[in-house]
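Because the structure is predicted, anything quoted here is derived from the model rather than measured.
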Amino acid sequence: MGEAPPTDTTVNNYIAGQISPPASKNYLPIINPSTSLQIGQVALSSPQDVNTAVSAAKSAFPSWSSLTVKARAAYMLKFHALARDNAHELAQLIVLENGKNITEALADVAKGNETVEYACSLPQLMQGKIDRVSGQVTCQDRRDALGVVASIVPFNFPFMVPFWTLPIALVTGNCIVLKPSEKVPLTMYKVIELFEKAGFPKGVINMVNGTKDCVEALIDHPDVKAVTFVGSSPVAKIVSDRCHSLNKRCTALGGAKNHLIALPDCDVEGTAQDVVVSYAGCAGQRCMAASVLLIVGEKEGAVQKALLDRVIEKAAGIKAGTAAGQMGPVIDSQSMAKILSYIEQSEKDGAKILLDGRVWMKEMEGNKGNFIGPTVILHSNKTDKAMCEEIFGPVLSVYHVATWQEAIEIENSNPFGNAAAVYTSNGGHAEWFMTRVRASMLGVNIGIPVPREPFSFGGLYGTRSKYGDMDITGDGAIEFFTNRIKITSKWPKPTVPEYVMGVQEGGVIMNGGTDHANFAGRM
């Protein structure tokens, strides 16, 4: 498993290939959510630090972007091997600073490294097109890097989410300034070490740590050409609006309220297992987690009752901790308080607590960590706050609906648009729902329908799950991180007799005849 991660690390910035303390000399504590003890400190950067990092990236851009895509991918291929070889150490850091269990932490690394694999295939994927569109006119396109781009990432996946952007941005030819979450900076600090070992030139990758001032300085910097953000919906909207006011490219992914719809013909055992993993895995701190389970049919029907009973039984069997199969803490006391408020409000509104995660707090009274157990709430009112708002914790709201249409109306009425899923044994039933739910990442018998490469990740336009431009991975990221340059060329007509006369072969004039749509050189 490798050596245990350090518990007293100082995380500084990384600029132009050098570890750089913040200009302010100020730091924030890094807290282990399993114990609430300080395990290190992270730089609190100022606009001055941001300007230095952006300048370094700008200086590195001409030489980096002049390399072939194949040459840039070769660096990323070296990193891929290093990430694989250091996966256990990276996972231990994730457990330490984020609280995931070890299985989830290893998956965090593996999923991020999968995007690295995709980026290594960009020499084949981002080739331009060329075609003769008229007698002597040829059109072609190519993809040019934007320049300096910024990536602002959240706490919930310390490795995977930064790697939604880093590999594709770099291999397409951009230089990057990364702003990790100040709550989980240790993982990316180790990643920077691996980037250095892979031989990336100085200034191509830079990292600044901090909070709001740091983020605003990145967005506002005139040399930052594009910004990606993943986080809460209110902040995603602020980031998107701020970028677009500067005519700056931005993709900003926000929160979610994901609905799972269980039909009477679902496989009870498989559905129950999948629902529990979806809502309680990673302590519910993921934008693709289940939040609402809509059970279709009679409340006291045999299938409906068996499904709910099995969900409760399986969730009740989860133990607190960070070993495989256990559930870790939520990230901090503020998140804990928010989750508790939704449970308490549901009780006041008349909902029934079928499984109460608050018992963990009593059972672990001596533990200072942010542990709250899986919770299942049965609602009688579909407008309860817990039914409608993002909680971002291990809480599942259950609501019985009589018809398919009622399920669709509830799912469609929520303001988010990340994910939705249906559980059924009938392909026709699945198709009916897949054409009517209002979300961009849909599942059939899969409660966490995350698209994997080469498919792109992103919420639905026009909802609180997505602001800005394009998706954040896959071909959406290729489009986001490049400008598509179109070149139209016309060369002088050959004067050889064969061209002037026109060569006829099988009745077809090979020089194209007269092109009435061609305005080049004539009025």
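Remark: side-chain polar atoms of Asn98 are not paired, donor with acceptor, to backbone N or O of Pro158 under 3.5 angstrom. Checking side-chain atoms of Lys466 against main-chain N and O of Tyr461 turns up no donor-acceptor pair under 3.5 Å. Within the 3.5 Å criterion, the main-chain N or O of Ile331 finds a donor-acceptor partner in the side chain of Gln285. With hydrogens and angles disregarded, no donor-acceptor distance shorter than 3.5 Å links the side chain of Gln304 to the backbone of Pro264. Under the 3.5 Å distance criterion, the side-chain polar atoms of Ser233 are matched with a main-chain donor or acceptor of Arg464. Distance alone, capped at 3.5 Å, is enough to place a donor-acceptor pair between the Asn101 side chain and the Gln326 backbone. A distance-only check finds a donor-acceptor pair linking the side chain of Thr251 to the backbone of Met470 [under 3.5 Å]. The closest donor-acceptor contact from the side chain of Glu390 to the backbone of Ala256 lies under 3.5 Å. The backbone N or O of His80 sits less than 3.5 Å from a side-chain atom of Asn113, completing a donor-acceptor pair. Put simply, the side chain of Gln273 never gets that close to the backbone of Glu269: no donor and acceptor are under 3.5 Å apart.
Annotation for Glu300: atom CD does not count as buried by contact number, only 12 or fewer foreign heavy atoms lying within 6.0 Å. Atom CD of Glu298 sits in a sparse spot, with 12 or fewer heavy atoms from other residues, nucleotides or ligands closer than 6.0 Å. Counting heavy atoms of neighbouring residues, nucleotides and ligands inside a 6.0 Å radius, atom NZ of Lys237 does not exceed 12 of them. Residue-environment remark: NZ (Lys78) stays at or below the threshold of 12 foreign heavy atoms within 6.0 Å.
A salt bridge does not link Glu409 to Lys382: none of the charged side-chain nitrogens sits closer than 4.0 Å to a carboxylate oxygen. The pair Lys385-Glu344 does not count as a salt bridge, with every side-chain nitrogen at least 4.0 angstrom from each carboxylate oxygen.
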CA sep, side-chain torsions, deciding dist, call: Leu194, Phe79, side-chain contact (heavy atoms from CB on, under 4.5 Å): CA-CA 7 Å; Leu194 300 182; Phe79 175 85; 3.6 Å; yes

Mind running side-chain contact (heavy atoms from CB on, under 4.5 Å) on Arg438 and Glu411 for me, showing each step along the way?
CA-CA 7 Å; Arg438 193 182 73 109; Glu411 192 283 330; 3.9 Å; yes

Between Met207 and Asn209, does the side-chain contact (heavy atoms from CB on, under 4.5 Å) criterion hold? Intermediate values first, please. CA-CA 7 Å; Met207 184 176 78; Asn209 297 281; 3.8 Å; yes

Evaluate side-chain contact (heavy atoms from CB on, under 4.5 Å) for Leu37 paired with Lys368, printing each intermediate quantity in order.
CA-CA 8 Å; Leu37 297 176; Lys368 301 296 184 181; over 6 Å; no

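Using modelled atom types, one finds no donor on one side chain facing an acceptor on the other under 3.5 Å when comparing Thr271 with Asp274. Residues Asp349 and His379 bring no donor and acceptor atom of their side chains to less than 3.5 Å of each other. Side chains of Tyr399 and Asp384: no donor on one and acceptor on the other come within 3.5 Å. Looking at Ser291 and Asn258, their side chains never bring a donor and an acceptor atom within 3.5 Å of each other. Remark: the Thr424 side chain and the Asn426 side chain contain no N/O donor-acceptor pair separated by less than 3.5 Å.
In this structure, the side chains of Met188 and Phe163 come closer than 4.5 Å at one or more pairs of heavy atoms. Put simply, the side chain of Leu354 does not reach to within 4.5 Å of the side chain of Val311, judged on heavy atoms. Between Tyr14 and Val191 the shortest side-chain heavy-atom distance does not fall below 4.5 Å. Under the 4.5 Å side-chain criterion, counting only non-hydrogen atoms from C-beta, Thr228 is not in contact with Trp164. Within the 4.5 Å cutoff, the side chain of Phe433 has heavy atoms near those of the Ile408 side chain. Side-chain atoms of Val42 and Tyr189, non-hydrogen and from C-beta on, never get closer than 4.5 Å to each other. Taking the side chain as every heavy atom from C-beta outward, Asn445 and Ser425 never approach each other to under 4.5 Å. You'll find the side chain of Pro123 reaches within 4.5 Å of the side chain of Val69, heavy atoms only.
The only option from Val359, Ile339, Leu396, Ile343 that meets the side chain to side chain contact (heavy atoms under 4.5 Å, CB included) definition with Thr375 turns out to be Ile343.
Distance check: Cys266 SG to Leu260 CG gives 11.0 Å after rounding to the nearest 0.5 Å. The line from CD1 of Ile94 to CD of Glu89 is 11.5 Å long, rounded to the nearest 0.5 Å. In this structure, the separation between OG1 on Thr482 and CD on Glu479 is 5.5 Å, given to the nearest 0.5 Å. If you take CG on Asp471 and CD1 on Ile478, they are separated by 12.0 Å, rounding to the nearest 0.5 Å. Rounding to the nearest 0.5 Å gives a distance of 12.0 Å between CD of Glu97 and CD1 of Ile31. From Met327, atom CE reaches atom OG1 of Thr322 across 12.5 Å, with rounding to the nearest 0.5 Å.
Listed here is the closest heavy atom pair of Met288 and Ala419: CE-CB, 3.6 Å. Taking every heavy atom of both residues into account, Leu293 and Ala262 meet most closely at CD1-CB, 4.2 Å. Ser240 and Ala252 make their closest contact through CB-CB, 4.3 Å (heavy atoms, listed as atom of the first residue, atom of the second, distance). The minimum heavy-atom distance between Cys287 and Gly254, with the atom names listed, is CB-O, 4.4 Å. Of all non-hydrogen atoms in Val376 and Val398, the two that sit nearest each other are CG1-CG2, 3.8 Å. Closest approach of Val153 and Ser151 over heavy atoms only: CG1-OG, 3.6 Å.
A cation-pi arrangement, defined by a distance under 6.0 Å to the six-membered ring centre and an angle within 45 degrees of its axis, is present between Lys100 and Phe157.
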